[in-house]
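For reference, the structure discussed in these notes is given below.
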Protein chains: 2
Amino acid sequence: MSTESSGQRNTAAPRSRTRPARKSAAASAGTGMSQVAERAGVAMSSVSRVLSGHADVSEAMRARVMAAVEELGYQPNMLAQMLRRGATRTVGFVVGDISNPLLSQIALGAETTLRASDYALLLANSVNDPRLDAENIQLLHQRRVDGFLLSLSDETSEQTAEAVARTDTPTILIDRDLPTRAPTSAVLSDHRAGITRAVEHLVGLGHERITLIAGSPHVRPTRERIDALEEALEDSPGVVAQVRPGAFTEAHGRAATRDLLDGRRPPTAIIAGGNQILVGVLAELAAREIRIPHDLSLVTCDDVPLAQFFTPALATIRRDPYEMGATAARLLLARLGGAADEVATLPTQFSAASSCAPPRPRQ
Amino acid sequence: MSTESSGQRNTAAPRSRTRPARKSAAASAGTGMSQVAERAGVAMSSVSRVLSGHADVSEAMRARVMAAVEELGYQPNMLAQMLRRGATRTVGFVVGDISNPLLSQIALGAETTLRASDYALLLANSVNDPRLDAENIQLLHQRRVDGFLLSLSDETSEQTAEAVARTDTPTILIDRDLPTRAPTSAVLSDHRAGITRAVEHLVGLGHERITLIAGSPHVRPTRERIDALEEALEDSPGVVAQVRPGAFTEAHGRAATRDLLDGRRPPTAIIAGGNQILVGVLAELAAREIRIPHDLSLVTCDDVPLAQFFTPALATIRRDPYEMGATAARLLLARLGGAADEVATLPTQFSAASSCAPPRPRQ
DNA sequence: CAGCCGACTGGAAACCTTTCCAGTCCGGAA
DNA sequence: TTCCGGACTGGAAAGGTTTCCAGTCGGCTG
């Protein structure tokens, strides 16, 4: 595979230098409620009542005010409203890494749902650094968000727990467990069910050494998957579980795979606990020319679009990330509307495929 | 491929119902600058000066104020600051679809860069609907963002152009061209270079019918790629270019492929203009059991992680989306700092691979 | 007919900061 | 000794809205 480089990197001349003339006089710039009031010949309080749909407003008043609003092209200053009302209609989304397809789909679901209720989404990446989790929470809190959606990098961090507690703001955890007695809503995936089905399938095929290469041990999905794997094998005395938690990275996937295959008793089946991990696993398997499913069976979690063309087809434990985001948003909206905290659990599906087959007979 | 469903969908009981006791008295709640001033026995203006690092402040004053700030755990109210200063230190990011890996990486680059300068990112998806582009711009404008990062769904929309013009706010276009004389910064990809190299490569292999299955014709990348393809073939009289613009969707990729292959003169090479389109193309090729590169050569744009395991390896026109986002953010920060508008062009790389081979001899 | 209530409106405080302006005090220069 | 400027500080306006409170007025009840 050869690589040709092309294109230059430069910064070209500006397209134009002149600022456009100040907008037509009717613009919103500098037009405040008092101008409207003056124009309509009424008090500011009346303007405010009309605009906020207050009940005690006569038709005549409404008409006069609306006319003035039209004429002046008045638009309320949201900052002043936020200050006065003490609410920003803004939600903070703290996420380990938005470039992860799983999380960006969650973000899409959340933002779409929130926007339907006139909330905006403030995005903060923590690049999987627990300190940034806490810092971002603090930062968004200072920006006075009305609520939080948290997909933390590390739920065990003291600082993060403190930061969450300090905010005293409605918070929805996304597939995370925070070890705190404070009430918190959450939307969770039922990882156990997916792993259980996958393991049943593998055991049914005759596998006796099943390895889970998992991500960070400091987040719920990893813990749940590990627990589910070990639990599922309690009834199968002959089958051994191996677990390799680490990080949700290609590097970990690759290193763990290498390590396992070099070990005395390599697994007959691997479950890759995330799409980046999968890449690492596949890379190492390819480098060793290990054939799936002939030499090793493979299951992955949280598929990505192109996975469907992988040969052989990959068995996958799926969930619906858009729906997770949407649900998280709904839970938050409910809380902001005064409802109690609530935990929603969303299902997981296991799709068997030809990447799983009976293990090779023992050599 | 069988599918077992597992897991239940439910909403479980809340974890707790009691609110935690109001935080210790020193909390920021209700603590304003005037409390600090009173506690320190100075005027509010002095507190403000100390906190904003104004020059004319005595050491004694600074110490007293800071002590009071510490004791009260005072945190400034950013909403009041925003209102007073008329700046929010917030940037609006309008994007067709954040769940697209290309765009989510751009978002990551942008957010990371912006946060380093204390700006926050307000995210708005337009789900590829031009009306929502305009609406989101308007919405974010009302929220008084200091600047815009725009990855529009349709740069030809009147409403969008008007919305942009109306805001009179520093704006960076991301790989888009807005037909307006207003000055606008932009970060662009040099698609032409990538396409040119790819076409040279294909022509070198002997291809005579090269098809570009492109995305929406209403955005710059599509136009640039089409132009580049046609231009590149001007010097190769025997080679025919076909172009199938449509949408950045799997459906379009699949339909266009079907259409082409059913046509009288099917292409010998296809360039898929995006990762979703690629999925559609591959699906149709797989359904017809068309072998790459034996029956058809394939090039794709904007790869995704798993693409590297596709067999055969996919020739790809790449760019660095994180860097695009970071560059866009830098351009915006510069504009916010008073600099003139500027256009940055980032390179594109073509990587040849075994998905391209000489075409089958004519039947 | 007095009294009262309800519908409606205006005035002003409150939200919290930044910034302009004026004023105090002191040291140094004339 | 007087004047001036610089260093520093306090007061108050401004930024734009929401909301409480008080007040007016017409109509209805007793």
Side-chain angles (χ1 to χ4, degrees), chain A residues 26-69 72-90 118 141-146 169, chain B residues 27-69 72-90 118 141-146:
Chain A
S28 64
T31 310
M33 218 166 65
S34 56
Q35 338 288 323
V36 177
E38 191 178 6
R39 177 102 181 193
V42 301
M44 267 173 49
S45 43
S46 297
V47 177
S48 176
R49 272 188 295 258
V50 168
L51 265 44
S52 61
H54 191 97
D56 281 350
V57 173
S58 68
E59 249 333 297
M61 174 66 85
R62 186 181 317 280
R64 293 188 67 165
V65 169
M66 291 315 287
V69 166
L72 295 170
Y74 166 73
Q75 293 198 329
N77 183 325
M78 286 194 73
L79 289 177
Q81 293 183 324
M82 291 173 183
L83 174 61
R84 182 57 231 235
R85 293 178 177 158
T88 55
R89 291 224 143 223
T90 304
D118 292 325
H141 176 57
Q142 282 183 207
R143 282 177 176 268
R144 294 275 197 296
V145 294
D146 294 340
T169 301
Chain B
S28 64
T31 310
M33 218 166 65
S34 58
Q35 338 287 323
V36 177
E38 191 179 7
R39 176 104 181 191
V42 302
M44 269 172 47
S45 43
S46 297
V47 177
S48 176
R49 272 188 295 258
V50 168
L51 265 45
S52 61
H54 192 98
D56 281 350
V57 173
S58 68
E59 249 333 297
M61 173 66 84
R62 189 181 316 280
R64 292 186 66 166
V65 168
M66 291 314 286
V69 165
L72 295 170
Y74 167 74
Q75 293 199 328
N77 182 327
M78 286 195 72
L79 289 177
Q81 292 183 323
M82 291 173 182
L83 174 60
R84 182 59 231 237
R85 293 178 177 158
T88 55
R89 291 224 144 221
T90 304
D118 291 326
H141 176 58
Q142 283 184 206
R143 282 177 176 269
R144 293 273 195 302
V145 293
D146 293 341

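Proteins come first, then strands; the chains are lettered A, B, ... in the order of their sequence lines, and each starts at number 1. Keep in mind it's a predicted model, so treat the numbers as computed, not measured.
- Under 4.0 angstrom from either OP1 or OP2 of D:dT18 there lies at least one side-chain N or O belonging to A:R85.
- For A:R89 and D:dT18, the CZ to P distance is 13 Å, given to the nearest whole Å.
- Atom CG in B:N77 sits about 14 Å away from atom C1' in D:dG16, given to the nearest Å.
- Between B:Q81 and C:dC16, a side-chain N or O to OP1/OP2 separation shorter than 4.0 Å is absent.
- Proximity note for A:A43 (side chain, C-beta onward) versus C:dG11, D:dT17, C:dT18: the nearest is C:dG11.
- In this structure, of C:dA12, D:dT17, C:dT17, it is C:dA12 that holds the atom nearest to the side chain of A:S45.
- Side chains of B:R64 and B:S46: no donor on one and acceptor on the other come within 3.5 Å.
- The interatomic distance linking A:H54 (NE2) with D:dT17 (P) rounds to 18 Å, in whole Å.
- Distance CZ/B:R143 to NE2/B:H141: 13.5 Å, rounded to 0.5 Å.
- Distance CE (A:M33) to C1' (C:dG11): 13 Å, rounded to an integer number of Å.
- Taking CZ of B:R62 as the start and CG of B:L51 as the end, the distance is 10.0 Å to the nearest 0.5 Å.
- The CE atom of A:M82 lies 9.0 Å from the OG1 atom of B:T88; values are rounded to the nearest 0.5 Å.
- Rounded to whole Å, the distance from CG on A:L51 to P on D:dG16 is 15 Å.
- Distance B:L83 CG to D:dT18 P: 12 Å, rounded to the nearest Å.
- When heavy atoms are screened at a 4.0 angstrom cut-off, A:M44 is found touching base atoms of the nucleic acid.
- Within 4.0 Å (heavy atoms only), A:D56 reaches at least one base atom of the nucleic acid.
- In this structure, B:S58 reaches the sugar-phosphate backbone alone: every heavy-atom distance under 4.0 Å involves primed, P, OP1 or OP2 atoms, never a base.
- When each of A:G41 and B:R49 is assigned the nucleotide of DNA chain C with its nearest heavy atom, A:G41 is the one assigned upstream, toward the 5' end.
- Between A:S48 and D:dT18 there is a side-chain N or O to OP1 or OP2 distance below 4.0 Å.
- Rounding to the nearest 0.5 Å gives a distance of 9.5 Å between OG1 of A:T169 and CZ of A:R144.
- Ranking C:dT17, C:dT9, D:dT17 by closeness to the A:Y74 side chain, first place goes to D:dT17.
- Taking 3.5 Å as the limit, the base of D:dG10 and the side chain of B:S46 contain no donor-acceptor pair of atoms between them.
- Between B:R84 atom CZ and C:dT19 atom C1' the separation is 5 Å, expressed in whole Å.
- For A:L79 and C:dC16, the CG to C1' distance is 13 Å, given to the nearest whole Å.
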